Amino acid sequence: MKVLVIGGGAREHALCRALSLDPDVTALHCAPGNAGIAELATLHAVDALDGAAVADLAAALEADLVVIGPEAPLVAGVSDVLRERGIPAFGPSAQAAQLEGSKAFAKDVMASAGVPTARAYVCTTPEEIDEALDAFGAPYVVKDDGLAAGKGVVVTSDVEAARAHALACERVVIEEFLDGPEVSLFAITDGETVLPLQPAQDFKRAYDADEGPNTGGMGAYSPLPWADPRLVDEVMETVLQPTVDELRRRGTPFSGLLYAGLAITSRGVRVIEFNARFGDPETQVVLARLKTPIAGVLLNAATGRLDTQPPLRWHEDAAVTVVIASHNYPDTPRTGDPIDGLAEVAEQDAPTAYVLHAGTRRDAESGEVVSAGGRVLSVTATGADLATARERVYRAVARITLEGSHHRSDIAEKAASA
Ligand code: AMP
Ligand code: GLY
């Protein structure tokens with residue numbers, strides 16, 4: 001099977017790694033990719049938001065499957081163009097991707113499907129904003145309606161800060177605060193059959209002890225030893241299957257990866273958000289634990305044959321990933337800094353610890369790998385338990401130098417000692 005992956009972050013590196021380990025995959029391509037993915041796949045330059053360009057590339061490569069990593073091409077309708085051209089695509093249509101693209105649409109789908117989520121108001125005027133803030137009280141949760149890469153959300157007890165963020169958005173969702181731990185649960189679906197993966201936990205704040213601003217995610221681990229063993233079954237029944245059924249009923253079936261961001265509250269599981277693609281960095285730990293070769297699963301989802309898919313198999317091992325972010329991330333990250341220590345990790349820590357690249361590129365003049373984004377690397381390790389995986393991941397992180405960079409030192413700490 002010839003596979004083309006669209007994207008160039010650590011999530012796509014994790015996908016390419018899993019695909020490269022699948023004996024069914026005979027050729028692996030990625031566009032645009034990054035310096036790490038270049039070691040596994042042939043890289044191509046393409047405007048990922050241009051469906052026709054992506055379809056032309058897929059046709060030229062005779063790709064049997066195109067896997068779309070990030071949300072922007074999905075919302076732009078790239079998978080629709082691929083399907084019209086008869087090319088199997090893993091990733092939902094533009095309409096179904098509105099589950100991530102519009103928080104108001106997601107709330108509407110959840111209301112129709114009876115999926116538990118925070119009570120919310122969609123507001124467009126200052127009067128509506130004040131009414132909604134008053135109705136819920138502190139802490140306030142204020143979300144920009146559109147795509148914002150996880151950064152359009154403000155959670156604060158300061159009513160003025162909440163109002164200022166709300167007024168800066170064109171359309172805003174103001175909702176009830178949900179307490180309790182967060183869980184990310186992914187499901188692969190063809191629009192009808194739903195196949196849940198293993199749950200993971202992400203660390204969204206920039207600094208240790210959940211201090212600092214929200215980011216795209218600074219680290220993750222799986223499994224969750226503290227979670228109720230019935231969690232996946234419960235979320236399947238109350239969230240994933242009803243959502244997939246509702247979108248099919250509306251005539252806009254969701255085929256691809258449905259990401260449920262959940263809060264485990266004292267009153268039960270509630271959806272915080274949906275995403276229409278694999279999460280980053282959770283994918284790095286979930287795929288590290290997946291034993292079933294992945295290409296066939298993604299192709300079955302893309303071609304509506306997930307009912308024929310045998311149950312997924314998982315490693316007993318735990319996995320932890322730690323994101324190394326550039327100077328000033330998530331504000332205005334500095335790029336172009338050299339990265340050292342990658343060879344040392346490959347020599348001394350593989351195969352139980354390895355580096356997945358996010359924002360990196362190879363400098364044309366020096367040939368060195370340099371930073372090219374906010375989140376630069378996602379160092380990942382596996383082990384018999386979370387404590388072992390943590391030890392390995394932080395040993396590998398310590399070998400890497402990137403001037404001005406920062407990472408969290410408490411990823412999976414509480415879960416490992418529980
Ligand atoms: P979102 O982009 O909707 O996932 O929001 C980003 C982060 O804001 C989430 O991961 C949560 O940590 C926090 N958050 C979002 N909605 C709520 C809520 N209703 N209650 C508490 N925290 C929330
Ligand atoms: N890790 C959060 C996300 O992928 O949106």
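Remember, it's 1-based here, ligands and their atoms both numbered in the order they're listed. Residue numbers run from 1 in the order of the sequence given. Computed from a predicted model, the values in this text were never measured in an experiment. The figures that follow rest on heavy atoms only: side chains count, while hydrogens, waters and symmetry mates do not.
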> With Thr156, which residues qualify under side-chain hydrogen bond (donor to acceptor under 3.5 Å, both in side chains), at least two apart?
Replying inline: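 Thr156: no side-chain hydrogen bond (donor to acceptor under 3.5 Å, both in side chains) contacts found.
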
I need the atoms of ligand 1 closer than 4.0 Å to a non-hydrogen atom of [X], numbered in the order shown.
{"X": "Phe177", "answer": "20 (N), 21 (C)"}
{"X": "Glu182", "answer": "9 (C), 10 (O), 11 (C), 12 (O)"}
{"X": "Lys204", "answer": "10 (O)"}
{"X": "Lys103", "answer": "1 (P), 2 (O), 3 (O)"}
{"X": "Glu175", "answer": "16 (N), 17 (C), 18 (C), 19 (N)"}
{"X": "Lys143", "answer": "3 (O), 15 (C), 16 (N)"}
{"X": "Val141", "answer": "16 (N), 17 (C), 18 (C), 19 (N), 20 (N)"}

>> Within the structure, is a non-hydrogen atom of Gly217 found at a distance of less than 4.0 Å from ligand 2?
In response: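 No, Gly217 has no heavy atoms under 4.0 Å from ligand 2.
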
> Under a heavy-atom criterion of less than 4.0 Å, does Lys204 contact ligand 2?
Replying inline: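 Yes, Lys204 has a heavy atom closer than 4.0 Å to ligand 2.
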
> Would Arg17 count as a cation-pi partner of Tyr354, with NZ or CZ less than 6.0 Å from the six-membered ring centre and within 45° of the ring normal?
Replying inline: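 Yes, a cation-pi geometry.
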
Under 4.0 Å to a heavy atom of [X] - the qualifying atoms of ligand 2, by number:
{"X": "Arg277", "value": "3 (C), 4 (O), 5 (O)"}
{"X": "Asp202", "value": "1 (N), 2 (C)"}
{"X": "Gly279", "value": "4 (O)"}
{"X": "Asn275", "value": "5 (O)"}
{"X": "Gly216", "value": "1 (N), 2 (C)"}

With the threshold set at 4.0 Å, does a side-chain nitrogen-carboxylate oxygen contact exist between [X] and [Y]?
{"X": "Lys107", "Y": "Glu175", "result": "yes"}
{"X": "Lys291", "Y": "Asp317", "result": "no"}
{"X": "Asp349", "Y": "Arg392", "result": "no"}
{"X": "Arg248", "Y": "Asp245", "result": "yes"}

> In chain order, what residues pass the side chain to side chain contact (heavy atoms under 4.5 Å, CB included) check against Pro32, with sequence neighbours excluded?
Replying inline: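 Partners of Pro32 by the side chain to side chain contact (heavy atoms under 4.5 Å, CB included) criterion come out as none, since no residue qualifies.
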
> Out of Phe186, Phe203, Tyr259, who gets a non-hydrogen atom closest to atom 2 (C) of ligand 2?
Replying inline: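 The nearest heavy atom belongs to Tyr259.
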
> Between the candidates Val155, Val154, Thr265, which shows the shortest non-hydrogen contact distance to atom 22 (N) of ligand 1?
Replying inline: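 When every heavy atom of Val155, Val154, Thr265 is considered, Val155 comes closest to atom 22 (N) of ligand 1.
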
Does atom [atom1] ([X]) have a neighbourhood of more than 12 heavy atoms from anything else shown, all under 6.0 Å?
{"X": "Arg267", "atom1": "CZ", "result": "no"}
{"X": "Tyr121", "atom1": "OH", "result": "no"}
{"X": "Glu344", "atom1": "CD", "result": "yes"}

>> Would Ala118 count as a polar contact of ligand 1, with the cut-off being nitrogen or oxygen pairs under 3.5 Å?
In response: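 No; the residue has no nitrogen or oxygen that sits under 3.5 Å from a nitrogen or oxygen of the ligand.
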
>> Please verify the inter-ring angle class for Phe203 with Tyr221; under 30° counts as parallel, over 60° as perpendicular, anything in between as tilted.
In response: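 Plane angle between 30° and 60°, so tilted.
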
